[in-house]
Protein chains: 2
Amino acid sequence: MKIDVEKFNFQSDRILSSLGPEDQALFLSEATPLKFKRGKLVFYEEGIPTGVFIIESGRAKIFKTGLDGKDQIFYIYKKGDLLGYHALLCNEHYEDSCEALEDCQMLFIKRSRFEVLLKKVAGLQTLLIQNMSHEFGVMVNTITVLAQKPLRERLALFLLILQQKYVTIGNIMLPREDLANMIGTARESLSRLLKEFREENLIIIENKAIRLLNPDKLHKIANSQYL
Amino acid sequence: MKIDVEKFNFQSDRILSSLGPEDQALFLSEATPLKFKRGKLVFYEEGIPTGVFIIESGRAKIFKTGLDGKDQIFYIYKKGDLLGYHALLCNEHYEDSCEALEDCQMLFIKRSRFEVLLKKVAGLQTLLIQNMSHEFGVMVNTITVLAQKPLRERLALFLLILQQKYVTIGNIMLPREDLANMIGTARESLSRLLKEFREENLIIIENKAIRLLNPDKLHKIANSQYL
DNA sequence: GTTAAAATGTGATATTTATCACATTTTAAT
DNA sequence: ATTAAAATGTGATAAATATCACATTTTAAC
């Protein structure tokens, strides 16, 4: 497995951006704006899907809570991404939860209207199929990394992934607990390793925000290539 | 997270079994039989998809090979399952590989014919959407288990999952290396834990095959409920 | 049936990471 | 501005698992 950060990107913004202008307009005509303050749940595990969401601004994490109350974060959605549609499309309850990582502006399309759109918008089903097929590959990569790579390599990889989520800010603004829950470790272990990365001049920490100083070296670490 | 074995089942047999008889006949009219001997690759990582497969008999694993050559097994497909379609549907190369775990009889539908079927068979796109949506939930559960649960709980859970894959035989026939690669551990660690499970009368081992003696207790262990 | 290769089990040791406890810093509420 | 709560960092220790080496068993090839 050769690590490629792009292979960890759901590319959920492509569903909407791949529609033609008329179809996009039709799609958005069904949307109502919603605001989610930081920490607010968008949907939750075992909840019944009521519709789908599109992020206009901000970021949201999807996660699952283990029996001991520890979260596992799978993905961070960002501007342009469509989300909340998996459980809706298979008529099941949500297996995951979604929470705003910061104040978010979203659009909401209620379930019945979305189901109408599925029939009316010709290529929408195809786009969903393409997107979810691609997501499968992302999940496969994520599982391999989490199951097999040591902590140091996982941190290097996820920092690179997060750099792309926060590219417009330049700094990774994820709280420590969240980052620990993403890479599958305890927050103390994460702190120790971030300190090591700082000492090796791989990252710099400015008021808790993380900035990458040496993406190439992090990429090598993610690929198990230690110099 | 409450562990439910059913939430780790892709249910890929439902795609075909949910078609009406005429659509099924149309679908199968495009299929040619193929045999895969044990150990033979069905498709492989980075390979270009040439079509989709349906398992008529036998089992096949999908896996990804890490940089150090260690495999990570995600799923075991069985009779009735449709497979090999993810990469095809998003027009990408395979992110995973598939290998026959035992001699398999499969049906193969070449890519161009499958794409015709997608247009001709009315509900097929909907079924694929439903199935892949459901798979997303399975992947979410798998990631949480692999990232957060200790080895003992993972083994308990995967034994229960595997019992269902091998229900027609009654014994789990997966080689040790494969089971270790599925639950994310070294084969030595697996051996030690299987010995413990044997000593606790949770399983019995007959000529390398594993039979579960106490599924209820295993279920409790999988749910972090130790007595 | 025999032999070599592969798979698996076991013992010992090393490494990684978790956990616990507490100190320090940052943030939120007032 | 102050104070309490939450988040984070650090030290020490425990636990889990990997790794290495080798023995034993099973399987495959001839």
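Atom CG in B/N181 sits roughly 14 Å away from atom C1' in C/dT8 (whole-Å rounding). Nucleotide C/dT24 holds its P atom 19 Å from the CZ atom of A/R176, rounded to whole Å. Between the C1' atom of C/dG9 and the CG atom of B/L193 lies a distance of 14 Å, rounded to the nearest Å. For the pair B/R152 CZ and D/dA15 P, the interatomic distance rounds to 16 Å; values are reported in whole Å. Spacing between atom CG of A/L194 and atom C1' of C/dT17 amounts to 15 Å, rounded to whole angstrom units. Residue A/I205 contributes atom CD1, which lies 14 Å from atom C1' of D/dA7 at whole-angstrom precision. Between A/K195 atom NZ and C/dA23 atom C1' the separation is 13 Å, expressed in whole Å. C/dT8 atom C1' lies 9 Å from atom CD of B/E177, rounded to whole Å.
The side chain of B/T185 lies closest to D/dA18, out of D/dA18, C/dT17, D/dA28.
B/D4 places a side-chain N or O within donor-acceptor distance of the main-chain N or O of B/E6, the cut-off being under 3.5 Å.
Pair assignment for C/dA7 gives D/dT24, based on Watson-Crick or G-U wobble hydrogen-bonding distances that are each under 3.5 Å.
Sequence neighbours left out, the pairs with a member in residues 135-147 of chain A that pass side-chain hydrogen bond (donor to acceptor under 3.5 Å, both in side chains) are A/Y85-A/E135, A/H86-A/E135, A/N141-B/K64, A/N141-B/E95.
The phosphate of D/dA7 (OP1 or OP2) has no side-chain N or O of A/K208 nearer than 4.0 angstrom. In this structure, B/S191 reaches the C/dG9 phosphate: one of its side-chain N or O atoms is under 4.0 Å from OP1 or OP2. Of the side-chain N and O atoms in A/R192, none sit less than 4.0 angstrom from OP1 or OP2 of D/dT10. Between B/S189 and the phosphate of D/dA16, there is no side-chain N or O to OP1/OP2 separation shorter than 4.0 Å.
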Inset, instruction - Starting from the C-alpha separation in whole Å, work towards a yes-or-no answer on side chain to side chain contact (heavy atoms under 4.5 Å, CB included) for A/D13 and A/K79. - result: CA-CA 8 Å; A/D13 50 345; A/K79 176 186 166 82; over 6 Å; no
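Among the atoms of the strands shown, base atoms are found under 4.0 Å from some heavy atom of B/E188.
Toward the 5' end of DNA chain C, the nearer of the two residues A/K149 and B/R187, judged by each one's closest nucleotide, is B/R187. Mapping A/N207 and A/A186 onto DNA chain C via the closest heavy atom, the residue that lands nearer the 5' end is A/A186. Along DNA chain D, the nucleotide nearest to A/R198 and the one nearest to B/L190 differ in position, and the one closer to the 5' end is contacted by A/R198.
A salt bridge is absent between A/R38 and A/D103; no separation between the charged side-chain nitrogens and carboxylate oxygens falls under 4.0 Å.
Using cut-offs of 30° and 60° on the angle between ring planes, the pair B/Y77 and B/F10 is tilted.
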